[in-house]
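Note that the structure is a prediction, hence the values are computed from the model and not measured. Position 1 is the first residue of the sequence, and the numbers go up from there.
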Amino acid sequence: MGGNPRQLTTEGFEILETYQVWSPNGKELLYTSTRTGTKDLWVVPIDGGKARQLTRSVRNDFGGAWSPDGHYVAFISDRGKQTDVWVVPSAGGEERRVTSNAAQRTA
């Protein structure tokens with residue numbers, strides 16, 4: 001990490017919303033994009049290559065954080081008319097809710 005800065009994305013909808021954007025192995029960055037109209041999590045390799053979309057919801061997914069081993073990303077989502085913590089494999093796959101907090105219902 002460090003060295004010569006270079007542009008990794010070009011869409012113009014990217015947001016770094018968390019302090020934990022670097023993957024544990026230092027080879028990928030986690031970011032939020034609104035290119036689909038809502039917030040979704042994306043990962044881009046720092047050595048070049050195509051970004052991949054981790055979450056796909058008509059609701060907002062944000063605040064992602066890598067698991068210590070880099071195999072999962074935890075994130076916040078306002079799916080189901082409430083705000084909960086979800087996880088998704090960092091390589092992509094099924095998103096799974098891990099909390100169900102009705103006290104945090106959104107409008």
*Asks:* NZ/K27 to CG/D47 distance, rounded to the nearest 0.5 angstrom?
*Replies:* 8.0 Å
*Asks:* As an exercise, state the distance from OG1 of T99 to CD1 of I76, rounded to the nearest 0.5 Å.
*Replies:* 7.0 Å
*Asks:* Of all heavy-atom pairs between E95 and R56, which one has the smallest distance, and what is that distance?
*Replies:* OE2-N, 3.1 Å
*Asks:* Which heavy-atom pair separates W66 from W22 by the least distance, and what is that distance?
*Replies:* CD1-O, 3.2 Å
*Asks:* Testing the basics here: between F75 and F62, what is the closest heavy-atom pair and its distance to 0.1 Å?
*Replies:* CB-O, 3.6 Å
*Asks:* Rounded to the nearest 0.5 Å, how far apart are CH2 of W86 and CG of L54?
*Replies:* 14.5 Å
*Asks:* Distance check, rounded to the nearest 0.5 Å: Q53 atom CD versus W42 atom CH2?
*Replies:* 4.0 Å
*Asks:* When you measure from the side chain of D78 to the backbone N and O of R59, does any donor-acceptor pair fall under 3.5 Å?
*Replies:* no
*Asks:* Run through L29, T32, V43 and flag the one making a side-chain contact (heavy atoms from CB on, under 4.5 Å) with V21.
*Replies:* L29
*Asks:* Taking atom types as modelled, is there a side-chain donor on D61 or S77 under 3.5 Å from an acceptor on the other?
*Replies:* yes
*Asks:* Determine the minimum heavy-atom distance between P24 and S67, stating which atoms define it.
*Replies:* CG-O, 3.3 Å
*Asks:* Rounded to the nearest 0.5 Å, what separation is found between the OH atom of Y31 and the NZ atom of K39?
*Replies:* 15.0 Å
*Asks:* If we only count heavy atoms from C-beta on, is the R79 to R97 side-chain gap below 4.5 Å?
*Replies:* no
*Asks:* Compute whether any side-chain donor of one residue and acceptor of the other, for D40 and T55, lie under 3.5 angstrom apart.
*Replies:* yes
*Asks:* Where do S90 and G70 come nearest, in terms of heavy atoms and distance?
*Replies:* OG-O, 2.6 Å
*Asks:* How close do Q82 and D84 get, heavy atom to heavy atom, and via which atoms?
*Replies:* NE2-OD2, 2.6 Å
